[in-house]
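Start at 1 with the first residue, then count along the sequence.
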Amino acid sequence: MPPTAEPGHLSNHHRTTLGQIFQHPVSHNLEWHAVLSLLEAIGSVERHHDGTLAVKIGGERAFFDPPVHKDTDTETVVRLRRLLAAAGYGPEPRD
């Protein structure tokens with residue numbers, strides 16, 4: 001199996017998480033572990049010694065600080081939207 005999933009092959013859980021990321025207004029109960037699982041399924045996540053995560057999806061790259069609590073904050077969701085949209089993802093994954 002290849003290290004990244006094709007958009008049309010996301011699990012229902014990953015599709016739900018993707019929908020929550022693009023939901024308006026921002027969902028305030030989007031759990032970080034679900035976001036991280038999605039990012040690992042569609043790209044690569046590299047953990048740095050300082051705690052930051054380098055995320056690469058296609059040709060797009062961004063850095064994130066994992067939240068202190070289980071839920072993802074609004075600023076991070078907005079940054080995730082930008083990264084995912086630039087990589088060709090939206091609320092409905094393309095096939």
Taking all heavy atoms of [X] and all of [Y], pick out the closest pair and write down the distance.
| X | Y | answer |
| --- | --- | --- |
| Leu83 | Arg61 | CD1-N, 4.1 Å |
| Gly51 | Pro66 | O-CD, 3.1 Å |
| Thr72 | Glu31 | OG1-C, 3.9 Å |
| Asp73 | Thr76 | OD1-N, 2.8 Å |
| Ile57 | Ala87 | CG2-CB, 3.5 Å |

Legend entry - Residue pair Glu60, Arg79: steps toward the salt bridge (charged side-chain N to carboxylate O under 4.0 Å, His left out) verdict: CA-CA 12 Å; Glu60 303 299 320; Arg79 291 184 58 228; over 6 Å; no

Legend entry - Side-chain touch Trp32/Lys70, heavy atoms, less than 4.5 angstrom: no

Inset, instruction - Taking the side chain as every heavy atom from C-beta outward, state whether Gln20 and Val77 have any atom pair closer than 4.5 Å. - result: no

Inset, instruction - Say whether, by atom type as modelled, one donor and one acceptor occur between the side chain of Ser37 and the main chain of His33 under 3.5 angstrom. - result: no

Legend entry - Rounded distance [0.5 Å steps], CZ in Phe64 versus CG in Leu39: 6.5 Å

Inset, instruction - Output the distance between atom OG1 (Thr17) and atom CG (Asn12), rounded to the nearest 0.5 Å. - result: 10.5 Å

Legend entry - Identified side-chain hydrogen bond (donor to acceptor under 3.5 Å, both in side chains) counterpart of Ser11 within the set Arg15, His14, His13: His14

Inset, instruction - Please state whether the rings of His48 and Phe63 are parallel, tilted or perpendicular, taking 30° and 60° as the class boundaries. - result: perpendicular

Legend entry - Residue of the set Val35, Leu38, Leu80 for which side-chain contact (heavy atoms from CB on, under 4.5 Å) holds with Leu18: Leu38

